[in-house]
Amino acid sequence: MKEKFDKIVNSRFGRVADKLCNSVWYVVAYGLVCILAHTFDIPVIGAVLLAVLLVPALLFCKNSFVLVPFLTTCMFVMSEETKPQSGYFGKPLYIAVLCLVLVVILTAFVFNLVYYKKWRVMFKRGYLTVSLALVSGLLVVGGLGAPSMSWTGVGMALAIAVTMFLPYTLLINCGEYAGRKTVEYFAWVMITVSVVIAAAVLKQYVIHDIKLTNFNISGADKRDYIVFGYAISNTAAAFVVIALPITFYMVYIYKHGYLFLIAIALELVTIYFTFSRASLVVAVPGTAIVAIAMCFKKKTGRLGYWIAFGIAAAIAIVGIILLRHQIGGLISKVLSGGVSSSGRFGLWKRGFSAWKLYPVFGVGIWYLPPINNWYYSFHCTPLTYLYCAGIVGLAAYLYHRYKTVRLTFSAKLTAERVFVALCVLAMLCNALLDIAMTMPPHLLYYGIMLALIECDVKKTKLELQPTVATDTGADGVDANIESTVSDQSVKTEVKGE
């Protein structure tokens, strides 16, 4: 049986399937399925189409990085009208189809692990394995001894642990990292995610006939209208915030990459029209800083980038001057009441009062009343770990942060690692005012990005490995001694007498 499938995998059909799954068109196909399913409220059909895309990747691709498009987009097939709380999935036919899809995906996934022998190495210890186990494990036992600890909270913490750890360990051990090619693949995935969310935002504005002039940004309008089934406005915008730095990577690596500025503009517009204050606080200054840095660091096509950036800046300045009154009104609405208007200060004070009673293990992740059967976070990652898992939980989180920073700078920096690290930084900054770092969907992205960073470190160190040393001779002249792995082994030939 194995021999027969070997022939299929190595056949022209198998090679073409593998090549397509590693192409940008495969990523675009996922985006089109998500837009289709979300726009027309057909998540069951969307799930079937996603399975149709995923199964060939599992059957014919050894490289686990081809799973990234599915992991990052599968949640987007749901619309507000078909979210689980609506009862849409209660029909027996839908349940049967979804169960069948799940069985097919799991069967193909197990086949992938067994046939390509990934099961032997997928849980091999990585650089961040221990810190991830600590930070997620202590969140699971968070609230130990507190009356607010519940099995429901333990289940949610386990979901957080799995979505944080599984993509990381699978990709570092079973992914075939190819530097620029792999990171560019991830960049196309994130650009596609941004387009999907932009389409979702547009749909909400169209179907509700939302007018910006009378839109109550801080009140019921935003809460009732800018929701997508898989996320509300704030958490949807957080996905786009992650996408911004890696889109700049495309600008950086291509000679005419300034064309990707259109994608960056779309991402900024999408974030703005979600009116997510936490995301805007990160996206606007972050984009300006990276754009200015690119003006000096971009190696090829710099003139075109300067022209494009200059035109964009000029248009923005003229637009601000001409529309200063309208923009000022909108900004005042967005920022009205500051962060405190969203209740964050109240959450932090409430959490602190509860934590003082159980400082060691905290009050558990289910301390706050859930909303729509979903836990309600403290909207700040360090405080969430402190309040939910106590001092030990915060210590584990800070240790994990130290390990990620150390990993990033443990080898010579590459453009790939810098821009992926900026994506992580954008996510962490956003999570200081939101819940991305304790949301299972977002943590899939986090695990993928950690894997990309670690894989890049391994690749960089491997490339530098042939250089043995720099020796200074007796005459004071430096002599670079380089050898390959094969040269390092001494071969001797013994000739016959």
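These values consider heavy atoms only, across backbone and side chains, with no hydrogens, waters or symmetry-generated copies.
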Subject >> Whether Asn173 side chain and Lys124 backbone form a donor-acceptor pair below 3.5 Å >> reply: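 Yes, the answer is positive, given that a donor and an acceptor are paired below the 3.5 Å cut-off.
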Original post:
Within the distance-only criterion (no hydrogens, no angle test), does the side chain of Asn112 pair as donor or acceptor with the backbone N or O of Leu59 below 3.5 angstrom?
Top reply: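 Flag not set: sc Asn112 to bb Leu59 has no pair under 3.5 Å.
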Taking atom types as modelled, find out whether [X] and [Y] have a side-chain donor-acceptor pair closer than 3.5 angstrom.
X: Asn10; Y: Asp6; value: no
X: Thr384; Y: Thr381; value: no
X: Thr169; Y: Arg125; value: no
X: Asp41; Y: Thr82; value: no

**OP:** Check step by step if side-chain contact (heavy atoms from CB on, under 4.5 Å) holds for Trp119 and Val110.
**Re:** CA-CA 9 Å; Trp119 63 274; Val110 171; over 6 Å; no
Distance check, rounded to the nearest 0.5 Å: [X] atom [atom1] versus [Y] atom [atom2]?
X: Tyr445; Y: Met427; atom1: OH; atom2: CE; answer: 9.5 Å
X: Glu176; Y: Asn22; atom1: CD; atom2: CG; answer: 8.5 Å
X: Ile453; Y: Lys458; atom1: CD1; atom2: NZ; answer: 13.5 Å
X: Glu416; Y: Ile246; atom1: CD; atom2: CD1; answer: 8.5 Å
X: Asp456; Y: Leu407; atom1: CG; atom2: CG; answer: 9.5 Å
X: Ile271; Y: Ser233; atom1: CD1; atom2: OG; answer: 12.0 Å

Side chains of [X] and [Y]: does their closest heavy-atom pair fall under 4.5 Å?
X: Met190; Y: Thr247; value: no
X: Ile197; Y: Tyr230; value: yes
X: Ser136; Y: Phe165; value: no
X: Tyr254; Y: Leu259; value: no
X: Val360; Y: Ile391; value: no
X: Pro382; Y: Leu394; value: yes
X: Leu428; Y: Leu432; value: no
X: Phe186; Y: Thr182; value: no

**OP:** Assess whether side-chain contact (heavy atoms from CB on, under 4.5 Å) is satisfied between Thr287 and Glu267, documenting all intermediate values.
**Re:** CA-CA 11 Å; Thr287 299; Glu267 289 164 356; over 6 Å; no
Original post:
Do other residues, nucleotides or ligands put more than 12 heavy atoms under 6.0 Å from Lys118 NZ?
Top reply: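 Yes.
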Subject >> Crowding at CD1, Ile262 (>12 non-hydrogen neighbours, <6.0 Å) >> reply: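 At most 12 heavy atoms, drawn from other residues, nucleotides or ligands, come within 6.0 Å of this atom.
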Minimum heavy-atom distance between [X] and [Y], given as atom pair plus value:
X: Arg417; Y: Ala411; value: NH1-O, 3.0 Å
X: Pro56; Y: Cys21; value: C-SG, 4.4 Å
X: Met75; Y: Thr72; value: CE-O, 3.8 Å
X: Ala415; Y: Tyr252; value: CB-CE2, 3.6 Å
X: Phe89; Y: Pro43; value: CZ-CG, 3.6 Å
X: Val48; Y: Val97; value: CG2-CG1, 3.8 Å

Original post:
Under the ring-ring contact (aromatic ring centres under 6.0 Å, His included) test, which residues partner Tyr185, sequence neighbours left out?
Top reply: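 Tyr185 satisfies ring-ring contact (aromatic ring centres under 6.0 Å, His included) with no residue once adjacent residues are dropped.
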Check whether the ring centres of [X] and [Y] lie less than 6.0 Å apart, and answer yes or no.
X: Phe239; Y: Phe76; result: yes
X: Tyr26; Y: Tyr30; result: yes
X: Phe111; Y: Phe5; result: yes
X: Tyr387; Y: Phe378; result: yes

Subject >> Trace of the side-chain contact (heavy atoms from CB on, under 4.5 Å) decision for Phe228 with Glu80 >> reply: CA-CA 5 Å; Phe228 312 111; Glu80 179 64 10; 5.9 Å; no
Subject >> Stacked cation flag Lys403 on Tyr127, 6.0 angstrom / 45 deg >> reply: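 So Lys403 does make the cation-pi contact.
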Original post:
Within 45° of the axis and under 6.0 Å from the centre of the six-membered ring of Phe419, does NZ or CZ of Arg180 qualify?
Top reply: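 No, Arg180 and Phe419 do not form such a contact.
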Subject >> Listed partners of Val418 passing side-chain contact (heavy atoms from CB on, under 4.5 Å), at least two apart >> reply: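 Expected list: Leu413, Leu422.
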Original post:
ring pair (Phe, Tyr, Trp, His ring centres under 6.0 Å) with Trp188: which of Phe260, Phe65, Tyr249?
Top reply: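 Answer after filtering Phe260, Phe65, Tyr249: Phe260.
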**OP:** Begin from the C-alpha positions of Tyr115 and Val9 and carry the test side-chain contact (heavy atoms from CB on, under 4.5 Å) through to its verdict.
**Re:** CA-CA 11 Å; Tyr115 177 77; Val9 171; 3.8 Å; yes
